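The block underneath contains the structure these notes are about, expressed in structure tokens.
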Amino acid sequence: MKKSLTLTVMCLAALTASAQEKADIEVSYNYRHFHRSGKEQNHQLTLLANATESKFFSPETEFVDSLEYTPEGREIYNQMKMAAFTSGDLKSVPSRKIPMYIFKSKAKGETEVYDGQIAMMFTYTEPYEAQTWEIADSTRNILDYDCGMATCSYRGREWTAWFAVDIPIQDGPWKLSGLPGLILEASESTGQHHFTATGIQASRRAMTPVAGRDHYEKADRITMLKALRKFEENPEAGLGAALGIKLSVQGGIKVDKSLDFLETDYR
């Protein structure tokens, strides 16, 4: 199975020039991180990638977006919410728990990002930038692939990644890329953010654009991160400002200010 997947990806990669909008590989990752309250959270994210293009996103967020931006979809989504409210099982309603989309394009030389919180949704484009990695001698096995280790400093965090040279896709979760093989695991030194591959398969899925992308406010990376940090530290005030009302929540949410985003160089 492992050899078959490797050969399939290599063959598909050779066709990338004529079909860059299609993925050659689909990877599922568990993303372990922490809510602003300090509670650990785990979410399943997906990477679609070929030799020059990739899309990293939450399937749950994409499903919600596909519903909310069409009249028929909104009706279905409202019915789902009503049914959950009636049954008391509100957690069963899909939501944008991880609203982030990352599109990396070596061909265009750019990375396109969509992210935000509730009523504060932003998009920006920046130059594509592979990290400067230092490859170490350590090895480990992940999903039956022998992986090498590499480290780098990137926008305020120290990252350790494990990459599989048998999978010739120089990409990985989030904005991480540039190693001689697919990144199957990546963690930063504080333990706040950790990506681990849970499944890999050959794929020809289209890397479709974000539904409702015209509803995102254009910004730059630093402006977005500062705005989201302000919201994280006082979500009631941030939500009230977005809705044009004043909110007062008894007790509020105790925020652990030591927790931060994947990038911390905005301060």
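Given the structure is predicted, the values throughout are model-derived calculations rather than measurements.
- The two residues I183 and G172 come nearest to each other via the heavy atoms CB-CA, 3.9 Å.
- With hydrogens and angles left out, the side-chain atoms of S105 and E53 include a donor and acceptor closer than 3.5 Å.
- One distance of note links OG1 of T125 with CG of D220; it measures 11.5 Å at 0.5 Å rounding.
- If you chain together ILVMFWY residues whose side-chain heavy atoms come under 4.5 Å of each other, Y77 ends up grouped with F63, V64, L67, I76, M80, V93.
- Legend: residues meeting side-chain contact (heavy atoms from CB on, under 4.5 Å) with N42, ordered by chain and number and at least two apart, are N30, R32, E40.
- Nearest heavy-atom pair across A161 and L179 is CB-CD1, 4.1 Å.
- Around the NZ atom of K108, the shell of radius 6.0 Å holds no more than 12 heavy atoms that belong to other residues, nucleotides or ligands.
- The CG atom of N50 sits 13.5 Å away from the CZ atom of R205 when rounded to the nearest 0.5 Å.
- Distance alone, capped at 3.5 Å, is enough to place a donor-acceptor pair between the R74 side chain and the E68 backbone.
- Checked by atom type, the side-chain pair Q117/E232 shows a donor-acceptor distance below 3.5 Å.
- No continuous path of hydrophobic side-chain contacts links L259 to L225 [ILVMFWY only; heavy atoms under 4.5 Å].
- A search for ring pair (Phe, Tyr, Trp, His ring centres under 6.0 Å) contacts involving Y216 returns Y114, not counting sequence neighbours.
- The closest side-chain donor-acceptor pair between Y128 and S177 falls under 3.5 angstrom.
- Under the salt bridge (Lys or Arg N to Asp or Glu O under 4.0 Å) criterion, no residue pair touches residues 112-124, with sequence neighbours excluded.
- Nearest heavy atom pair, residue L48 against residue M207, reads O-SD, 3.7 Å.
- L262 and F34 are assigned to two separate hydrophobic clusters, defined by single-linkage of ILVMFWY side chains at heavy-atom distances under 4.5 Å.
- When only modelled atom types and interatomic distance are considered, S258 and D256 share a side-chain donor-acceptor pair under 3.5 Å.
- In this structure W133 satisfies the ring pair (Phe, Tyr, Trp, His ring centres under 6.0 Å) test with no other residue, sequence neighbours excluded.
- E158 CD to C152 SG: the interatomic distance, rounded to the nearest 0.5 Å, is 7.5 Å.
- The two residues I222 and Y266 come nearest to each other via the heavy atoms CD1-CA, 3.7 Å.
- A donor-acceptor distance shorter than 3.5 angstrom exists from the side chain of T123 to the backbone of V113, with no hydrogens or angles considered.
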Original post:
Should R267 and R229 be marked as a side chain to side chain contact (heavy atoms under 4.5 Å, CB included) after you check the CA-CA gap, both sets of side-chain angles, and the distance that decides it?
Top reply: CA-CA 10 Å; R267 296 189 171 214; R229 179 66 183 190; 2.6 Å; yes
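- Side chain of Q170 to backbone of G181: no donor-acceptor contact under 3.5 angstrom is found.
- With values rounded to the nearest 0.5 angstrom, L45 atom CG is found 4.5 Å from F56 atom CZ.
- Of the N and O atoms on the side chains of T46 and Q44, not one donor lies less than 3.5 Å from an acceptor on the other residue.
- A donor-acceptor pair is defined here as one N or O able to donate and one able to accept, closer than 3.5 Å; such a pair exists between the side chain of T61 and the backbone of I98.
- Using a distance-only test at 3.5 Å, with no hydrogens or angles considered, a donor-acceptor pair links the side chain of E188 to the main chain of Q192.
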Original post:
Where do R157 and D260 land on the salt bridge (Lys or Arg N to Asp or Glu O under 4.0 Å) test, with the steps shown first?
Top reply: CA-CA 10 Å; R157 292 195 180 277; D260 211 337; 5.3 Å; no
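- No donor-acceptor pair under 3.5 Å is formed between the side chain of T223 and the backbone N or O of A219.
- Nearest heavy-atom pair, G116 versus P99, reported as atom, atom and distance to 0.1 Å: O-CG, 3.1 Å.
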**OP:** Give the intermediate values and the outcome of side chain to side chain contact (heavy atoms under 4.5 Å, CB included) for residues D146 and T139.
**Re:** CA-CA 7 Å; D146 292 329; T139 60; over 6 Å; no
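- A donor and an acceptor atom, one from each side chain of K106 and S54, are nowhere located under 3.5 Å apart.
- With hydrogens and angles ignored, the 3.5 Å screen pairs no side-chain donor or acceptor of K104 with any backbone N or O of E110.
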Original post:
Where do E62 and K55 land on the side chain to side chain contact (heavy atoms under 4.5 Å, CB included) test, with the steps shown first?
Top reply: CA-CA 12 Å; E62 185 173 61; K55 175 183 178 181; 2.5 Å; yes
Original post:
What do the steps show when you test R140 against E185 for salt bridge (Lys or Arg N to Asp or Glu O under 4.0 Å), and what is the final call?
Top reply: CA-CA 11 Å; R140 62 182 295 190; E185 186 170 337; 3.5 Å; yes
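- Of the possible polar contacts, one joining the R204 side chain to the A23 backbone as a donor-acceptor pair under 3.5 Å is found.
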**OP:** Give the intermediate values and the outcome of salt bridge (Lys or Arg N to Asp or Glu O under 4.0 Å) for residues D265 and R221.
**Re:** CA-CA 10 Å; D265 60 341; R221 183 178 68 90; 2.8 Å; yes
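- Nearest heavy atom pair, residue F163 against residue P180, reads CE1-CG, 3.6 Å.
- Test W162, W174, Y31 against F195 for ring pair (Phe, Tyr, Trp, His ring centres under 6.0 Å) and you get one pass: Y31.
- For the ring pair (Phe, Tyr, Trp, His ring centres under 6.0 Å) test, no residue two or more places apart in sequence or in another chain qualifies with H194.
- Linking Ile, Leu, Val, Met, Phe, Trp and Tyr whenever their side-chain heavy atoms come within less than 4.5 Å puts Y154 and Y29 in one cluster.
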**OP:** Please test W159 against H193 for side chain to side chain contact (heavy atoms under 4.5 Å, CB included), starting from the C-alpha separation and ending with a verdict.
**Re:** CA-CA 10 Å; W159 286 91; H193 302 276; 4.2 Å; yes
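- In this structure, CE in M100 is found 9.5 Å from NZ in K175, a value given to the nearest 0.5 Å.
- Atom CD of E217 and atom CE of M121 lie 11.5 Å apart (nearest 0.5 Å).
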Original post:
Given H215 and Y69, is the ring-ring contact (aromatic ring centres under 6.0 Å, His included) satisfied, shown in steps?
Top reply: CA-CA 10 Å; H215 291 78; Y69 292 107; 4.8 Å; yes
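- A 6.0 Å sphere centred on NZ of K97 holds more than 12 heavy atoms belonging to other residues, nucleotides or ligands.
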